[in-house]
> 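One structure follows; several queries about it will come next.
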Amino acid sequence: MKSAIQVSLFFLISFILLFNSVPLYPESKESAINKEITQKKIVSPEERTEYLVNQCSDFLKKFGWITTIDGSQIMAFRLGGRYDEMLLKIETVYDAGLYNFTVAISKNGVQTQKVLRLPGSIVSDDSRLREHALSVVVPFAAAEKGIGDFRRAFSSIFSFGYSRTHDGREFFPAYAKGNLHLSWQLEYDPSARILLRDTTLAFGDYTAFNVYLDWASIVRENFFNIDLLIYGKNKYFGSAEHGTRFMYGFFNGLEYFRPGFSDSTMKWDRPVTHTQPYIQYAIWRALQLNMLISRRNGPALYSAGIMLGAGMGVGPSSLFYAGITEEEEQDMSPAFRSIKYRKQNYYFSYTLPVRLVLCADHVYGFRFEAGYNYYFFFPVISDDLYDMLHIFKGSMGYYITSDVIMSIQYERWKIESMLYDKTRTHDWNRLIIEFRNYF
Amino acid sequence: MQGHLFKFYLYKTVSILLFIAFSAYCAYAEDSKSRKIILTDTAVNFPVLKTMLDSGFFTGNNFSAEYIPFSDINSKRTYTNFDFSLMSGLKEKEKDGAKPASFNLFSVDSFKRNVLIGWDVPREDTYRTEKSIRSMIAFAEAVRTSTIPDALAEAGTAGFPGAIEKVSVIYEDDNISNVSGYELIVNTGFSPTHRFVRTLSELTLLTGVGMANYWINKDANMEDWRYKYRWKDVGPRFRDGWYWDSNAFRTNTIYHIYAGAVYYQTARSNEYGILASTAWAFTGSLIWEYIGEWREQTSGNDMVFTAFGGALAGEAFHQTSIYIENCMPNSVYGTIFSFLLDPMRIINRALDRCFDGDYKVSIVFINPAVQAIIDNIHKDAH
């Protein structure tokens, strides 16, 4: 009896499993006719527009686009190291037995429009209507390149200026000789254009490259800095005109700074080393955390940024290794041998850099910026020495055209070197006048 | 009583599991059923499909293939119950000094419309031929159960059959809005083997250039020599490990970062991504440290700054180079700046012009009226 129940249960379960997705009875003729009538009914243009907007949005997602629907339009973005943006708008009008679907697309600034004139039989058939609409969207959704201006996610600044440096604690620059300099800054920041509440940023979705070169009669400086995003988040609250952006993430970075001295008043005594820059370093920031918060209020943009990093450095130099003889050097730190480093003043270090920036841009045609850079270096060969560099910056600029800004910047540099409980410091300042051209 | 209940539930559970396993097997058997494809070479002197059939390409890709010689194509025998029909030929118009091979694949879409997918590839390029056939059949399979745009989305995410660079829609008539077909420009890129070999060759060549410079400045470099070119030094050379070297500041920073950037860009211009190119920069640095500078102990700081510093600088220069080129199109200065920042991209692009990797795919819906006429002609002929 029990086994009979077991067998019956087995067949019952099997029966349910086997047939639960199959209709037990064929569709009745009446219901089929009703279904046909339902399919052929005249549907409202608004309902069809809504259907297509949802379908197009889902379709774009298949190609990696991030979409937001606003009524009859879709805002779409695509990251992944190569930014694209698209605005898609659908309007439907019913006219003389035909539906006119106007699909307007703007991809990376290139605009196109297609009017689909379709009879009711197609419009009421979801899959046929969908295919027609997607045929308009697919050239823009799928194409990897060749549509539009990809530079929209880039911003670049070319600067040309003149600077004077004063070696010492005095506040005002005193030397009659100055330097001409050029600098170039390129930033790829597509998430600045994305007004979504929350976007995940992946490898390469932000890069910044900044290089500074000068032709100097006194101090010749070469500088560059690179930031590359590894993983991050971008958040935006508010509208395009009045909103707050919060971007943070882990980065990788590289920074190089090396001044050279050519004027006798700026040189130190040099019995040991050839060139005697106060500070020189090349830092590979293995890991850095960047955070940026910005508030747009009409044309004005207020921002604050912070970078905390950790890495390895070639350099810095030390104030203790200037003006000494080779004999004196032998009794000093093994981490540091200028004779070993081909008469150059540096040691290998671990580095902890910090960068703070505050900026108010386009405030009544002005731009104000203040910044502080801090670097802490200690040697990879363990010894009781370290160096610190502080750079304070402040600048004010005025937009003489919409793209060109004339600015004046003041910088104060301070180095602190420590060796075996003794410290030395050195200060200098610099005044820069420059023109910046925004591209 | 409890023992009986246990047996009851055990039996029930086992029965359900067996049933599920049987269902899964049936589903698998259905899924793994090979697809039938009919193959025809239209050019007698180019039997590419016959060759591929003989080499086991179609069997290996789970196809049940039947080859029909072109001379038999109009015989009275009818061919039914096949999933796809693939036909090869040679184009009359030469490209890059050779007639490209053309392929036509017949299938049906989810609306039961006949679809013809046609494309060309370089005649001797086995990699692109096989890759395109495999991809196009996968695409045609997707088309059978969906629309062309959906199939493109599905295939695009699967790397079909390279990067889709451009899609154009062909309408029968602007007023009617009926789609008659699509045209795609697809870039297949190079085969992984090709990319690997070219990257490694270029890195070796760059190491050679570096070594020439190293030996020209032999006197300056002798200071760091610790080993000789002899078997006795091989063991110590590897056992001694890495150290902090004593080179000049500029050598340890700018020169090594730039070398690493060029290594990185070599890989980047051979279609590798950011991470893979960083790995190549590390490889380039290893080659330099262990071959280029064999006589010196391996420098740890050089390994870090060449590989990782170089990769960062390489990516920044790479993006800047592309940016400048786009800002200054067709400009000599733009090209010079681009070259200085990313020389390997410009060099490899010049090499790639021998074959740009782009090919066109046309997807055409065969008009039912035209299909009926073709069928009637065949009937009459028989």
Side-chain angles (χ1 to χ4, degrees), chain A residues 2 5-6 9-10 13-14 17 59 62-64 81 115-118 127-128 130-132 134-139 141-146 150-151 154 156 184 186 188 203-204 207 209 224 226 228 252-254 256 258 280 282 284 286 312 314-315 337 340-342 344 346 348 380-381 439, chain B residues 4 7-8 11-12 15-16 19-20 23 110-111 147-150 152-154 156-157 163-169 171 174-179 182 184-185 187 223 244 246-254 257 273-275 301 304-305 308-309 311-313 315-317 319-320 323 326-327:
Chain A
K2 278 176 187 169
I5 293 168
Q6 289 165 8
L9 274 169
F10 168 64
I13 291 163
S14 304
L17 283 170
F59 181 67
K62 289 183 183 176
F63 285 97
V115 179
L116 297 169
R117 291 170 59 77
L118 301 171
S127 54
R128 297 283 305 277
R130 182 176 177 277
E131 193 203 18
H132 275 84
L134 297 191
S135 70
V136 182
V137 179
V138 71
E144 290 291 326
K145 58 184 180 182
F150 83 99
R151 288 177 295 172
F154 283 89
S156 72
W184 164 261
L186 184 70
Y188 172 68
F203 208 85
T207 51
F209 172 49
F224 69 79
I226 299 165
L228 176 71
N252 206 221
L254 184 69
Y256 172 91
R258 180 173 164 86
Q280 58 181 343
W284 171 55
M312 208 196 98
V314 179
R337 286 280 182 271
K340 189 173 96 177
Y341 297 119
R342 306 242 163 90
Q344 298 201 13
Y346 78 89
F348 291 106
V380 293
I381 298 167
F439 291 94
Chain B
H4 287 298
K7 274 184 186 172
F8 170 74
Y11 182 62
K12 193 172 91 168
S15 305
I16 291 170
F19 182 79
I20 290 169
S23 306
S110 59
F111 295 109
T147 64
I148 300 281
D150 286 314
L152 277 175
E154 192 178 313
T157 51
I164 299 172
E165 294 188 344
K166 194 175 178 186
V167 181
S168 311
V169 187
Y171 291 97
D174 279 348
N175 290 325
I176 299 171
S177 310
N178 268 348
V179 177
Y182 296 82
L184 319 176
I185 302 292
N187 188 292
E223 207 173 303
W244 304 103
S246 62
N247 290 344
F249 181 83
R250 195 162 290 181
T251 310
N252 271 340
T253 54
I254 288 292
I257 289 170
I274 293 175
L275 280 175
N301 52 286
V304 169
F305 275 84
F308 301 110
L312 269 170
E315 181 61 24
F317 296 162
Q319 289 204 9
T320 309
Y323 181 81
N326 280 276
C327 288

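Both backbone and side-chain heavy atoms feed into the values below; hydrogens, waters and symmetry mates do not. Computed from a predicted model, the values in this text were never measured in an experiment. Below, read A as the first sequence line, B as the second, and so on, with proteins coming before strands; counting in each chain starts at 1.
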> Name the region of A:Arg128, side chain, backbone, both or neither, that has any atom closer than 4.5 Å to a heavy atom of chain B.
both
> Given heavy-atom pairs under 4.5 angstrom as the criterion, report whether the side chain, backbone, both or neither of A:Val380 touches chain B.
side chain
> Looking at B:Thr147, B:Val167, B:Ile185, which one has more heavy-atom pairs under 4.5 Å with chain A than the rest?
B:Val167
> For the interface with chain A, which of B:Ile148, B:Thr253, B:Asp150 has the highest count of heavy-atom pairs at distances below 4.5 Å?
B:Asp150
> Are B:Phe249 and B:Ile254 packed together at the side-chain level, in the sense that at least one heavy-atom pair is separated by less than 4.5 angstrom?
no
> According to the interplanar angle, ranging from 0 to 90°, do the rings of B:Phe317 and A:Phe209 count as parallel (below 30°), tilted (30 to 60°) or perpendicular (above 60°)?
perpendicular
> Quick one: which of A:Leu186, A:Leu254, A:Asn252 gives a side chain to side chain contact (heavy atoms under 4.5 Å, CB included) with A:Ile226?
A:Leu254
> Side chain, backbone, both or neither: which part of B:Ala311 has a heavy atom under 4.5 Å from chain A?
neither
> If we count only N and O atoms by modelled type, under 3.5 Å, do the side chains of B:Gln319 and A:Thr207 hold a donor and an acceptor together?
yes
> Would you say that A:Tyr346 contacts A:Val314 through its side chain, given a criterion of any heavy-atom pair below 4.5 Å between the two side chains?
yes
> If we define contacts as heavy-atom pairs under 4.5 Å, which of B:Ile274, B:Val179, B:Leu275 has the most with chain A?
B:Ile274
